[in-house]
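Here is the structure we will look at.
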Amino acid sequence: MKFLLTRPSVPAPLDPNFCPFVLSKRKHMQRVADSSQLGAVSELHFAVERPGGCVGRDKLPVFAETHEGFDASVFLAGECIRYMIWQRGGLKLMLSGPAKICELLKAAYSEGGKYAFEATTMTKIYGVPRSVDVVKPEELPASKDEPIVCGKVASGCRIAFDLGKSDVKTVAVKDGEVLHSEETEWDVTNPDPQYHYDVIVKAMKATAAKLPGPLVAIGGSATGAVSADSEATWCDCFPNVAPDVYKKRVVPIFNDIAKNEFGGVPIKVINDGEVTAVAGGQMVGAGCLFGISLGSSEGSGYVDAHGNLTGWINENAYCPCDMNPEGPANVWSPHRGDASMYLGQRAATRLAKKGGIDLPEDMDPEHPNMNQTNHGPHAQCLKKIQAAMKDPAKEPEARLIYESIGVFLGYTIAQYCEYLDIKNVLILGRVSSGDGGQIMMDVAKKVLEADFPDLAGIKFHTPSEHMKRVGQCVAAAALPEL
């Protein structure tokens with residue numbers, strides 16, 4: 001790992017071995033560029049194609065099979081591809097370059113390989129098996145993206161909903177004004193799709209009844225991957241629905257609800273992180289904005305200079321963030337160092353003990369309760385951290401938790417800038433509440449100034465009171481264009 005591991009200029013106080021993905025890639029590329037050994041370096045090209053013909057494409061300088069840095073090149077290449085897959089989505093992976101590294105990567109992204117989880121999940125998202133092929137350079141498709149244009153004006157009578165891990169939020173909106181909102185608890189672990197359908201419909205109808213006129217459109221958001229046609233292709237709000245049942249009943253659930261329950265009015269549903277970005281762009285009055293919610297996990301999305309979405313799946317919580325081989329494991333995947341463990345409440349709770357927080361045994365970072373998919377214990381632990389921040393005696397240690405997350409945030413934003421033109425960043429979510437949010441942003445700015453001076457001009461924003469109350473709801477309601 002000597003060709004990859006490096007120390008950041010701004011270290012994380014409570015995670016001193018944090019090794020940012022973006023710096024590891026920079027180091028590797030510099031080591032390849034500095035190599036003077038004849039025939040010791042080459043170049044790997046890869047492309048990830050999505051349904052509809054959109055393609056993400058990149059290249060990576062790599063060491064030759066005979067060079068001692070070859071294994072590092074293989075490792076980094078696998079992570080770079082994984083990053084692109086979770087950021088953009090992909091049905092077909094194409095590799096072109098030295099035969100040995102292509103052979104190893106093809107095996108890694110095939111059934112039984114290191115990245116079989118990615119292959120399996122993308123198959124679930126798109127409904128057909130993924131493919132991995134080694135091709136000639138001229139056979140690689142060119143990079144292609146098609147921005148998604150969403151409505152920006154919530155005219156007429158509309159309802160909007162947000163499917164979270166603990167409740168269904170619904171709002172009634174007329175001409176951009178929120179008339180009514182409510183939250184309905186639901187059990188996301190229920191394996192019966194009819195249960196979920198009924199809970200969502202009941203909440204939506206109760207809210208629609210508050211409108212003074214006929215419903216003209218429905219907007220919504222949900223965690224996970226939502227297709228451009230508002231299909232719930234891979235939403236982790238329904239984790240226990242059997243795969244065959246999921247495909248039949250859950251994938252079309254939003255369109256079915258609009259058609260069967262609301263007379264077929266227009267509906268548009270997007271990823272919850274994307275709604276954050278859309279609402280953020282409207283709040284700031286500018287595009288090129290990356291919105292990131294530090295809640296149960298990382299929810300994030302991006303709008304371009306025109307306020308349009310990328311069309312990517314934006315499952316950035318699964319992207320590699322830390323190259324430390326002993327980084328924390330992601331309970332949702334077989335990998336370590338994923339962003340979900342650095343940019344959400346689990347980032348705070350795994351550092352709580354090191355930050356001097358008095359914890360019961362079952363909140364210790366090593367306790368089984370804290371290493372499962374249930375978010376409940378982490379929410380309670382976060383409350384203890386926030387309480388400590390208000391205690392003058394405990395604040396000096398507790399703030400180191402937020403300083404550490406600020407380091408993670410700064411380097412991860414720089415990582416996202418590799419593929420996105422980011423000029424504005426909106427930070428929100430329960431981890432960013434209170435003084436901790438400002439601490440994180442201040443440290444993130446220091447990171448950019450120290451290691452990425454060309455990005456130091458990025459502006460950080462927090463949600464206005466209007467956005468906190470209704471901004472995202474209005475943005476979601478406006479999504480369907482009439």
Side-chain angles (χ1 to χ4, degrees), residues 1-35 58-61 69 72-73 75-77 79-80 82-84 87 288-292 294 298 300 302 316-317 319-328 336-344 347 351 399-427 431-432 436-461:
M1 298 293 282
K2 69 178 182 179
F3 293 93
L4 295 173
L5 296 183
T6 185
R7 298 284 186 182
S9 298
V10 183
L14 301 183
D15 194 352
N17 291 324
F18 172 61
C19 177
F21 174 89
V22 64
L23 293 187
S24 286
K25 185 175 180 181
R26 177 192 285 182
K27 176 179 179 178
H28 177 272
M29 293 174 70
Q30 189 60 54
R31 291 294 295 268
V32 172
D34 291 344
S35 178
D58 206 350
K59 60 183 179 181
L60 181 71
S73 291
F75 182 89
L76 179 62
E79 294 297 279
C80 287
R82 180 163 78 94
Y83 172 31
M84 180 173 284
Q87 184 184 58
C288 298
L289 180 140
F290 191 83
I292 179 168
L294 285 74
E298 177 200 352
S300 52
Y302 175 81
N316 295 307
C319 290
C321 170
D322 182 5
M323 297 292 272
N324 174 13
E326 297 180 353
R336 291 182 176 273
D338 290 1
S340 62
M341 304 303 293
Y342 297 78
L343 297 175
L351 299 176
R399 70 179 289 118
L400 297 180
I401 297 171
Y402 291 95
E403 289 182 12
S404 297
I405 298 175
V407 172
F408 306 150
L409 178 64
Y411 284 105
T412 306
I413 288 171
Q415 176 180 330
Y416 294 150
C417 284
E418 180 180 12
Y419 293 132
L420 297 170
D421 178 21
I422 298 176
K423 293 183 172 62
N424 296 283
V425 174
L426 174 70
I427 304 295
V431 179
S432 67
Q438 190 60 52
I439 293 171
M440 290 189 298
M441 288 190 290
D442 290 343
V443 174
K445 292 174 187 177
K446 290 181 182 179
V447 167
L448 297 180
E449 291 168 357
D451 275 333
F452 310 94
D454 55 324
L455 302 178
I458 290 176
K459 297 178 180 179
F460 286 78
H461 307 270

When rounded to the nearest 0.5 angstrom, what distance separates CG in Asn424 from CZ in Phe460? 10.0 Å
Note: Leu4 and Lys27 closest approach over all heavy atoms is O-CD, 3.9 Å
What's the separation between atom CG in Leu426 and atom OG in Ser300, rounded to the nearest 0.5 Å? 11.5 Å
Expected list for residues 415-422: side-chain donor-acceptor pairs under 3.5 angstrom, two or more places apart:
unit_1	atom_1	unit_2	atom_2	d
Gln415	NE2	Pro320	O	2.9
Tyr416	OH	Glu298	OE1	3.2
Tyr416	OH	Glu298	OE2	2.9
Glu418	OE1	Lys25	NZ	3.4
Glu418	OE2	Lys25	NZ	2.4
Tyr419	OH	Asp58	OD2	2.5
Asp421	OD1	Lys423	NZ	3.1
Asp421	OD2	Lys423	NZ	2.8

Looking only at non-hydrogen atoms, find the nearest pair between Thr6 and Ser24 and report the distance. CG2-N, 4.1 Å
At their closest point, which heavy atom of Met341 faces which heavy atom of Pro328, and how far apart are they? CB-CG, 3.9 Å
Please tell me if the side chains of Phe452 and Val22 come closer than 4.5 Å, counting only heavy atoms from C-beta onward. yes
Between His28 and Ser73, is any pair of side-chain heavy atoms under 4.5 Å apart? yes
Quick one: which of Leu294, Val407, Ile401 gives a side chain to side chain contact (heavy atoms under 4.5 Å, CB included) with Met440? Leu294
Salt bridge check: are Arg82 and Glu79 linked by an N-O gap of less than 4.0 Å? yes
Non-hydrogen side-chain atoms of Glu326 and Asn17 separated by less than 4.5 Å: no
Measure up the Tyr342 and Phe408 rings against each other and bin them: parallel (under 30°), tilted (30 to 60°), perpendicular (over 60°). perpendicular
Any side-chain donor near an acceptor of the partner, Asp451 and Ser9, under 3.5 Å: yes
So do Tyr411 and Val10 actually touch side chain to side chain, heavy atoms under 4.5 Å? yes
Can you list the steps and then say if Phe21 with Leu76 is a side chain to side chain contact (heavy atoms under 4.5 Å, CB included)? CA-CA 9 Å; Phe21 174 89; Leu76 179 62; 4.3 Å; yes
Least distance between heavy atoms, Gly410 atom then Leu448 atom: O-CD2, 3.6 Å
Of all heavy-atom pairs between Val447 and Gly406, which one has the smallest distance, and what is that distance? CG2-O, 4.5 Å
Is it true that Glu449 and Lys445 make a salt bridge, defined as a side-chain N closer than 4.0 Å to a carboxylate O? no
Any idea which heavy atoms bring Asp322 and Cys19 closest together, and the distance? OD1-N, 2.8 Å
Heavy atoms, side chains only, cut-off 4.5 Å: are Asn316 and Thr412 in contact? no
Under a 4.5 Å cut-off applied to non-hydrogen side-chain atoms, are Ile413 and Phe290 in contact? no
Considering only heavy atoms from C-beta outward, does the side chain of Cys319 approach that of Tyr83 to under 4.5 Å? yes
Please round to the nearest 0.5 Å and tell me the distance separating atom CG of Leu351 and atom CD1 of Ile405. 6.5 Å
Considering only heavy atoms from C-beta outward, does the side chain of Gln438 approach that of Asp442 to under 4.5 Å? yes
Enter the distance from Leu400:CG to Asp15:CG here, rounded to the nearest 0.5 Å. 12.5 Å
When rounded to the nearest 0.5 angstrom, what is the spacing between NZ in Lys459 and CE in Met441? 14.5 Å
If the condition is salt bridge (charged side-chain N to carboxylate O under 4.0 Å, His left out), which residues does Arg31 pass it with, not counting sequence neighbours? none
